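A short worksheet on the structure shown next.
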Amino acid sequence: MSPTLTLHRSQPLARVLAGLAAVFALVTAVVVADPAPRAAQAAACAGSTGVTVVVDFTAFGAGVVVACAPGDPTSGLTALTGAGYSVTGTQRWGLAFVCRINNLPAPAQQACVNTPPASAYWSYWHASTHGAAWTYSTLGASSYNPAPGSVEGWAFGSGAQPSITAP
C-alpha cells in the first residue's frame, strides 16, 4: 500500500509544500554528507593517498598481496578491510583478535574459538613509509590508527614479519 497525501482544510498547501521541501533538503544533505566508500586498489598507495596493506600468505603456499586502503582509515582493521581483505575474528574476542584473513587459515586448521597458538597467528606490523623497516605492533589492529602514506603488514606463523620490504 503506498502512502497518500491528504490535504485538510486546516493545512494550507504552502505549509505542506514547505514540509516536503524540508524533507527533500534533509535527504539531499544526508546523501551528500555520506558518500559511498572508495574501492580498494590492488597495488601500493601512491604517496599519502591511503594506507598500503601487505598480507603475506606464503605460510599457505600463496604469495604476498599488496593493496591500498584509500583515504585515512581510522584503524588497522579498517585499513585491512578497506584494502579489500575479508577478516574473521575469534568467537571469544570478535574482531579484536584477527583469526583469518581471506579465509586463511582454513577452519580445519584453526577453529577461531579463542586466540590461536603463538606458533600460528596473524602477526601485525607497521612501516612508516616505502622501504622503511617493519616494526611489530604493540597495539591490536582495532586500536592502532595508521597514517596515510604508511604501510601495514600481516604475516601468518610464529611472529615473523612480512617476507617483503614495505612497498
Side-chain angles (χ1 to χ4, degrees), residues 28-167:
T28 302
V30 169
V31 170
V32 171
D34 189 20
R38 292 180 272 174
Q41 303 165 9
C45 298
S48 60
T49 60
V51 173
T52 299
V53 180
V54 173
V55 179
D56 189 336
F57 292 105
T58 56
F60 305 103
V64 176
V65 179
V66 178
C68 176
D72 187 5
T74 57
S75 70
L77 188 60
T78 57
L80 184 61
T81 58
Y85 298 97
S86 65
V87 179
T88 303
T90 63
Q91 289 177 17
R92 181 173 184 187
W93 303 105
L95 289 175
F97 198 99
V98 173
C99 184
R100 286 193 190 96
I101 300 176
N102 286 4
N103 297 317
L104 292 172
Q109 296 171 297
Q110 178 54 255
C112 294
V113 173
N114 206 346
T115 55
S119 62
Y121 72 100
W122 284 105
S123 59
Y124 180 45
W125 300 81
H126 313 289
S128 56
T129 59
H130 165 74
W134 290 111
T135 302
Y136 189 83
S137 183
T138 58
L139 295 173
S142 41
S143 299
Y144 184 79
N145 185 359
S150 66
V151 185
E152 299 281 276
W154 295 85
F156 190 82
S158 59
Q161 68 186 29
S163 62
I164 66 169
T165 304

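Keep in mind it's a predicted model, so treat the numbers as computed, not measured. Position 1 is the first residue of the sequence; numbering continues from there.
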Under 3.5 Å, side-chain donor or acceptor atoms of residues 91-110 against the rest of the protein: list the pairs with distances, not counting sequence neighbours.
unit_1	atom_1	unit_2	atom_2	d
Trp93	NE1	Asn114	OD1	3.2
Arg100	NE	Pro105	O	2.7
Arg100	NH2	Gln110	O	2.5
Asn102	OD1	Ser86	N	2.8
Asn102	OD1	Ser86	OG	3.4
Gln109	OE1	Ala106	N	3.0
Gln110	OE1	Cys112	N	3.2

Residues passing the side chain to side chain contact (heavy atoms under 4.5 Å, CB included) test with Ser123, sequence neighbours excluded, are Tyr121, Trp125, Tyr136, Ala155

Return all side-chain donor-acceptor pairs below 3.5 angstrom for residues 140-150, not counting sequence neighbours, or 'none' if the list is empty.
unit_1	atom_1	unit_2	atom_2	d
Ser150	OG	Ala147	N	3.4
Ser150	OG	Ala147	O	2.5

Minimal non-hydrogen separation, Val53 against Tyr85, with atom names: O-OH, 3.4 Å

Tell me every residue that passes ring pair (Phe, Tyr, Trp, His ring centres under 6.0 Å) with Phe156, counting only those two or more places apart in sequence or in another chain. Phe60, Trp122

Interatomic spacing from NE2 in His130 to SG in Cys45 - rounded to 0.5 Å: 13.5 Å

Measure across Ala132 and Ser128 and return the closest heavy-atom pair with its distance rounded to 0.1 Å. CB-OG, 3.7 Å

In residues 159-167, what donor-acceptor pairs under 3.5 Å come from side-chain atoms, sequence neighbours left out?
unit_1	atom_1	unit_2	atom_2	d
Ser163	OG	Asp56	OD2	2.7

Compare every heavy atom of Gly82 with every heavy atom of Pro70, then report the nearest pair and how far apart it is. CD-O, 4.0 Å

Under the side-chain hydrogen bond (donor to acceptor under 3.5 Å, both in side chains) rule, what do Thr135 and His126 come out as? Steps first, then yes or no, please. CA-CA 5 Å; Thr135 302; His126 313 289; over 6 Å; no

Quick one: which residue pairs count as a disulfide bond (SG atoms under 2.5 Å apart) with a foot in residues 113-167, not counting sequence neighbours? none

With a 4.5 Å limit on heavy-atom distance, are the side chains of Tyr124 and Leu80 in contact? no

